[in-house]
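Below you'll find the structure, written out as structure tokens, and then a few comments.
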Amino acid sequence: MLNSMNSNNHYDAIVIGAGPAGLTAGIYLSRARLRTLIINEGTVGGQMVLTHEIANYPGVESISGYQLSNIMKKQAKTFGCDIKSNISIQNIELEGELKRVTLQDGIIYTANSIILTPGGRSRTLNVPGEGKFKGKGISYCATCDGDFFTDKEIVVVGGGNSALEEAVSLTKYASKVTIVHQFDHFQAFEHAIEEARNHPKINFIMEATLSAFRGNENLESVDIKNIKSGEISTFKTDGVFIFIGYIPNTEFLKGKVELNQWGEIVVKADMSTKLEGVYAAGDSTAKRFRQVTTAVGDGTVAALAASNYLHEMKSKLKNLIPA
Ligand SMILES: Cc1cc2nc3c(=O)[nH]c(=O)nc-3n(C[C@H](O)[C@H](O)[C@H](O)COP(=O)(O)OP(=O)(O)OC[C@H]3O[C@@H](n4cnc5c(N)ncnc54)[C@H](O)[C@@H]3O)c2cc1C
């Protein structure tokens, strides 16, 4: 195994993930003159790069997710932050004063503090056309994309609290919302079911699922399959919102840091975990609202808390050295 552990590979802080939470943490830590490395498995920007337009980031009227990611990346690098992307982590050790991250190529990086920001992903239906029309008619976020469907007819897939609450919130924009759900009943709070049932703009297709997405450049229709009879019909629609669950990217952290029953990282108000020097931020943490702004806010808090921890650690070490 290639083991090039040396002082060049030691950082004050390592950030796992380069979505908005991780990039913000990188900006704050490097600007505080702390030697910082961001390690990212995918493309820099995380989920932001999946959206062609972000119109709710304060101060920026409209920008593509890709552009916003590049600006954040440039900002972090300008302050001296190192970024390694498109690389997998083989092992991570979070206990003790010295944290250790081993990459797939065997290189080991160490740090006194770690900020975990691996984000997450929406559960997908996995049916033909879903990949092609993601961002071109298919969305997983009502807050992000609802406005793009003003006066349009849309479909909402799902039967839990998120699906019903988001369906109601989408009626602010859409002229008609059709909820498609696989069972004959909903798995949501009674008040959410009642609100959706009584809404004049909402219709229901129960015991059914989407079996294909169709269109040319943008989504134009979906195939709806009746689960009991197997019959498939074509349904014209301008957009589909899918709310069938959310998966945090925390599989690699199982047994390493406290996760709740949904696999989300448990954090305190300052984004610290139960492990000394280990913080978490963004969509992978246990919280209700997942947006670029909330990720950026979490990343800021985590970085400031980690900076405090590192400064306290450094002054303790200084006091131990005899004059
Ligand atoms: C299609 C779509 C449209 C959206 N539109 C908007 C919008 O308009 N406005 C808005 O505010 N929000 C929007 N969002 C939500 C927003 O993008 C997320 O809330 C935000 O990106 C979360 O940031 P994050 O940094 O926590 O995680 P992510 O953005 O998920 O980034 C996490 C990063 O960590 C990396 N990673 C994962 N696992 C590992 C690992 N083991 N090792 C190393 N790296 C790892 C990933 O590759 C990724 O780069 C949208 C989301 C989607 C999917």
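For ligands, and for the atoms within them, numbers begin at 1 and follow the listed sequence. Heavy-atom basis, side chains included; hydrogens, waters and symmetry copies ignored. Index from 1, following the sequence.
For V180 against A208, the heavy-atom pair with the smallest separation is CG1-O, 3.5 Å.
Under 4.0 Å from ligand 1, the heavy atoms of T43 that appear belong solely to its backbone.
Between D184 and K228 there is no side-chain heavy-atom pair separated by less than 4.5 Å.
The cationic atom of R100 (NZ for Lys, CZ for Arg) does not lie both less than 6.0 Å from the six-membered ring centre of Y109 and within 45° of the ring axis.
Salt-bridge check for R121 with D283: failed, with every basic side-chain N at 4.0 Å or more from each acidic carboxylate O. Ion pairing between E165 and R288 holds under the 4.0 Å rule for side-chain N and carboxylate O. Between K225 and E207 there is no salt bridge, since no side-chain nitrogen of the basic residue lies less than 4.0 Å from a carboxylate oxygen of the acidic one. Looking at K236 and E220, no side-chain N of the basic residue comes within less than 4.0 Å of a carboxylate O on the acidic one, giving no salt bridge. The pair D12-K314 meets the salt-bridge criterion, with a side-chain N (NZ, NE, NH1 or NH2) lying under 4.0 Å from an Asp/Glu carboxylate O.
Taking the six-membered ring for Trp and the full ring otherwise, H181 and F186 have centroids separated by under 6.0 Å. If you look at Y28 and F79, their ring centroids are not closer than 6.0 Å.
For ligand 1, the polar-atom distance check finds an N/O of V292 within less than 3.5 Å of one of the ligand's N/O atoms. Considering backbone and side-chain N/O atoms, T293 never comes within less than 3.5 Å of an N/O atom of ligand 1.
S62 and E53 form a side-chain donor-acceptor contact under 3.5 Å, judged by distance and modelled atom types alone.
Nearest non-hydrogen protein atom to atom 44 (N) of ligand 1 is E41 N, 2.9 Å. From the protein, the heavy atom lying nearest to atom 38 (N) of ligand 1 is P118 CB, 3.6 Å. For atom 13 (C) of ligand 1, the closest non-hydrogen atom of the protein is C144 SG, 3.1 Å. Here the protein heavy atom with the shortest distance to atom 30 (O) of ligand 1 is Q47 NE2, 2.8 Å. The shortest contact between atom 49 (O) of ligand 1 and any protein heavy atom is with N40 OD1, 2.7 Å. For atom 26 (O) of ligand 1, the closest non-hydrogen atom of the protein is D283 N, 2.8 Å. Atom 2 (C) of ligand 1 has its closest protein heavy atom at T51 CB, 4.1 Å. The closest protein non-hydrogen atom to atom 25 (O) of ligand 1 is A21 N, 3.0 Å.
Atoms of ligand 1 lying under 4.0 Å from any heavy atom of G17, numbered from 1 in the order shown and given with element: 33 (C), 34 (O), 35 (C), 44 (N). Atoms of ligand 1 lying under 4.0 Å from at least one heavy atom of I16, given by number and element, are 42 (N), 43 (C). Within the listing of ligand 1, atoms 47 (O) sit less than 4.0 angstrom from a heavy atom of G42. In summary, the atoms of ligand 1 found under 4.0 Å from a heavy atom of I89, numbered by their order in the structure, are 42 (N). Annotation for ligand 1: atoms under 4.0 Å from non-hydrogen atoms of T117 are 32 (C), 33 (C), 34 (O). Close contacts between ligand 1 and G120 involve ligand atoms 30 (O) [criterion: under 4.0 Å to a heavy atom]. Residue A18 approaches ligand 1 through these ligand atoms, each under 4.0 Å from one of its heavy atoms: 33 (C), 34 (O). Contact atoms of ligand 1 toward N56: 7 (C), 8 (O), 9 (N), 10 (C), 11 (O) (distance under 4.0 Å to a heavy atom of the residue).
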Side chain to side chain donor-acceptor pair (under 3.5 Å) between N56 and Q291, worked out: CA-CA 9 Å; N56 54 6; Q291 289 285 283; 3.2 Å; yes
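Within the 4.0 Å heavy-atom shell around ligand 1 one finds F252.
Y279 contributes atom OH, which lies 6.5 Å from atom CG of D270 (distance to the nearest 0.5 angstrom).
The residue among G282, P20, P248 with a heavy atom at the shortest distance from atom 23 (O) of ligand 1 is P20.
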